[in-house]
Enquirer: 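The structure that follows is given in the form of structure tokens.
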Protein chains: 2
Amino acid sequence: MLKKVLIIEDDTALRNSIVQSLELEDLEPISTSSFTQARRSIRSNFRGVILSDIKMPVHDGFDVLRFAQARDPDLPIILLTGYSDVATATKALKDGAYDYLEKPYDHERLMDILSRALEHRELVLQNRAYRDELDAQKSKTATGTLAEQMEMHERKVIEQALAVENGKVVEAAKRLGIPRNTLYDHMTRLRIVAKAFRDKAPTAK
Amino acid sequence: MLKKVLIIEDDTALRNSIVQSLELEDLEPISTSSFTQARRSIRSNFRGVILSDIKMPVHDGFDVLRFAQARDPDLPIILLTGYSDVATATKALKDGAYDYLEKPYDHERLMDILSRALEHRELVLQNRAYRDELDAQKSKTATGTLAEQMEMHERKVIEQALAVENGKVVEAAKRLGIPRNTLYDHMTRLRIVAKAFRDKAPTAK
DNA sequence: ATAAAAAGTCCGATATTTCGGACAATTAAT
DNA sequence: ATTAATTGTCCGAAATATCGGACTTTTTAT
């Protein structure tokens, strides 16, 4: 489970309070006091979520939002709004914020939102990982001469058979449906040694 | 994007109001008035989320929650609680509810929660699909005789070469590093016909 | 309509692979 | 320590695959 929460809050007292809150819940707060300071942490594969105040000097929460969205559209941003500032909160959501939290914040509510956001982030990252893995598998366009490709596959098949049979050549040959001599022929050609597939430590002496 | 929302609400007026709300937002409400009625829709791969009232005769929202969790732990359930019934809401979340919504419901707030829940559901389902695909690929333990496995692979390689070259045998042969005659030998043996790999409609006449 | 190119087929000499038998070297079991 | 089984290597005849040439048929381009 992801646990990082990048906090962007200029009010030192509030910021420390939040940090303490998160630490109590076994999360990993990263405490910053401004967009500028937080900026370098906001990367595409950040393994966590962002919790930012909206009203801040120089750069406000919307700047954070815009920047983070550019870096990674699926990075959940939770914005801290003033009490019952519904208009701003709504705008934030429309702009792509994951959720908002009214100040003064309620601990339980913050945790609910954060856990949802962290889970969301985890799903997104896992999804990307799966997608990448699948793409990698599919894009391996078979290349090279027929003989090369066949030899590669032959090696794989034979090695697997040997592995399954713990390096016993006669058994592997049976499994492959060829006489052991023939298997030896192949192994010689491919420079496969059966010994390499036997248990090094079957029983401790 | 997923759009189904299974509504479980015994108050007819409120239920219809919600249905209307969702239809306005281009979602697909499934309207039911009781757990019993909704039950059959709650399946493991339900492509949507559940929005259920808590306080209902016979079976309440927690029954829905328990049942749905058993069917699919990653199926988001949003519970409708009475106004500022914080205790119940908190319990619901602890029990695995995705979120809760206070009655009387605010349209914007409902939509925010639903869109998050639907997105969450979509990610979960996508994740499962990816995982299944990867598992399927990995678990294909090579079995059968050496000759069989080699022939299968040979077929794959040749067919891919033909596909890439649009069914042109001479080109495919070049790509595979063998004389075209030899490729014909292989194709004859494997009963592969080049025609099958040519564009049926290269240019519209 | 004609020419050029590619698709398919068949043949046969040459090259490679298969596979059983035989045997020495190891390893495991009694 | 002796036996039995397994490993690993070599041999050679039979089976199979390769590959170029020749030829007919079909497509494609002009």
Side-chain angles (χ1 to χ4, degrees), chain A residues 136-205, chain B residues 136-205:
Chain A
Q137 289 204 11
K138 281 178 181 166
S139 73
K140 59 174 173 188
T141 316
T143 178
T145 187
L146 213 210
E148 284 167 5
Q149 295 196 50
M150 292 304 287
E151 185 173 310
M152 233 181 278
H153 190 244
E154 188 183 359
R155 170 172 269 109
K156 259 180 53 185
V157 172
I158 292 179
E159 288 184 343
Q160 199 214 305
L162 280 170
V164 170
E165 297 296 352
N166 192 34
K168 294 168 88 69
V169 181
V170 277
E171 301 303 324
K174 247 180 250 173
R175 175 174 289 265
L176 294 172
I178 51 176
R180 76 186 188 95
N181 279 8
T182 306
L183 180 51
Y184 272 113
D185 286 342
H186 288 225
M187 288 168 61
T188 306
R189 182 159 42 79
L190 298 174
R191 308 255 171 72
I192 296 175
V193 285
K195 246 185 281 188
F197 295 90
R198 286 182 203 133
D199 276 355
K200 275 79 186 180
T203 37
K205 289 188 179 179
Chain B
Q137 289 204 11
K138 281 178 182 166
S139 72
K140 58 175 173 187
T141 317
T143 178
T145 188
L146 212 211
E148 284 168 5
Q149 294 196 51
M150 292 305 285
E151 187 174 307
M152 232 181 281
H153 190 243
E154 187 183 1
R155 168 171 271 107
K156 258 180 54 185
V157 172
I158 292 180
E159 288 185 342
Q160 200 215 308
L162 280 170
V164 170
E165 296 296 353
N166 193 34
K168 294 167 88 69
V169 181
V170 276
E171 301 302 326
K174 247 180 250 172
R175 176 174 288 265
L176 294 172
I178 51 177
R180 79 188 185 95
N181 279 10
T182 307
L183 180 52
Y184 272 112
D185 286 341
H186 288 225
M187 287 167 61
T188 305
R189 181 160 42 79
L190 298 174
R191 308 253 170 72
I192 296 175
V193 284
K195 247 185 279 189
F197 296 89
R198 285 182 206 135
D199 277 353
K200 275 79 188 179
T203 37
K205 289 188 180 179

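Letters A, B, ... are given to chains in the order of the sequence lines, protein chains preceding strands, and every chain is numbered from 1.
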Enquirer: Give every residue pair that meets the ring-ring contact (aromatic ring centres under 6.0 Å, His included) criterion with at least one member in residues 162-182 of chain B, sequence neighbours excluded.
Expert: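 Those involving residues 162-182 of chain B do not exist here.
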Enquirer: From A:L176 CG over to A:L162 CG, what is the distance, rounded to the nearest 0.5 angstrom?
Expert: 7.5 Å
Enquirer: Using ring pair (Phe, Tyr, Trp, His ring centres under 6.0 Å) as the criterion, list what pairs up with B:H153, not counting sequence neighbours.
Expert: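 Result, ring pair (Phe, Tyr, Trp, His ring centres under 6.0 Å) vs B:H153: A:H153.
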Enquirer: According to ring-ring contact (aromatic ring centres under 6.0 Å, His included), does anything in residues 163-191 of chain A pair up with another residue at least two apart or in another chain? List the pairs.
Expert: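 Listed once each, the pairs would be none.
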Enquirer: Could you pull out the protein-nucleic contacts involving nucleotides 28-30 of chain C (nitrogen or oxygen on both sides, under 3.5 Å)?
Expert:
none

Enquirer: Report the distance from atom CG of B:L183 to atom CG of A:L146, rounding to the nearest 0.5 Å.
Expert: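 Between atom CG of B:L183 and atom CG of A:L146 there are 7.5 Å.
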Enquirer: Would you tabulate the nitrogen or oxygen pairs shorter than 3.5 Å linking the protein to nucleotides 4-6 of chain C?
Expert:
none

Enquirer: Nearest whole angstrom, please: distance from the P of C:dA7 to the CG of B:L162.
Expert: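 Spelled out: CG on B:L162 to P on C:dA7 is 10 Å.
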Enquirer: Quick one: list whatever passes salt bridge (charged side-chain N to carboxylate O under 4.0 Å, His left out) with A:K174, sequence neighbours left out.
Expert: A:E171
Enquirer: Angle, rounded to 10°, between the helical axes spanning five pairs at each terminus of the helix from C:dA1-D:dT30 to C:dT30-D:dA1?
Expert: 60°
Enquirer: Search all heavy atoms of A:G167 against all heavy atoms of A:A194 and return the closest pair with its distance.
Expert: O-CB, 3.7 Å
Enquirer: Write down the distance between CE (B:M150) and P (C:dT17), rounded to a whole number of angstrom.
Expert: 12 Å
Enquirer: Rounded to the nearest 0.5 Å, what separation is found between the CD atom of B:Q160 and the CZ atom of B:R175?
Expert: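 Reported value, rounded in 0.5 Å steps: 8.0 Å.
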Enquirer: Nearest-Å distance, CD (B:E151) to C1' (C:dT17)?
Expert: 16 Å
Enquirer: For A:L183 and D:dT7, give me the distance from atom CG to atom C1', rounded to whole Å.
Expert: 12 Å
Enquirer: Give, for atom NZ of B:K168 and atom CZ of B:R180, the distance between the pair rounded to the nearest 0.5 Å.
Expert: 13.0 Å
Enquirer: Could you tell me the separation between the CD1 atom of A:I192 and the P atom of D:dT9, rounded to a whole number of Å?
Expert: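 Whole-Å distance recorded here is 13 Å.
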Enquirer: In whole angstroms, how far is the P atom of D:dT6 from the CG atom of A:N166?
Expert: 14 Å
Enquirer: Specify the separation, in whole Å, of atom CD of A:E165 and atom P of D:dT7.
Expert: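 Roughly 11 Å, once rounded to whole Å.
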Enquirer: List in chain and number order the residues that pass side-chain contact (heavy atoms from CB on, under 4.5 Å) with A:E148, two or more places apart in sequence or in another chain; answer none if no residue qualifies.
Expert: A:T145
Enquirer: State which residues pass side-chain hydrogen bond (donor to acceptor under 3.5 Å, both in side chains) with B:R189; sequence neighbours excluded, sorted by chain then number.
Expert: B:E154
Enquirer: Does B:V193 have any side-chain contact (heavy atoms from CB on, under 4.5 Å) partners at least two apart in sequence or in another chain, and if so, which?
Expert: B:A196
Enquirer: Want to settle it: does B:T188 or A:R189 sit nearer the 5' end of DNA chain C, counting the closest nucleotide to each?
Expert: B:T188
Enquirer: Please list, for nucleotides 20-27 of chain D, all pairs of protein and nucleotide N/O atoms separated by less than 3.5 Å.
Expert:
unit_1 : atom_1 : unit_2 : atom_2 : d
D:dG20 : N7     : B:N181 : ND2    : 2.7
D:dG20 : O6     : B:N181 : ND2    : 3.3
D:dG21 : O6     : B:N181 : ND2    : 2.3

Enquirer: Donor-acceptor pair, distance only, cut-off 3.5 Å: does the side chain of A:R155 make one with the backbone of A:L190?
Expert: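 Yes.
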Enquirer: Could you state the atom-to-atom distance from OH of B:Y184 to P of C:dT9 in whole Å?
Expert: 8 Å
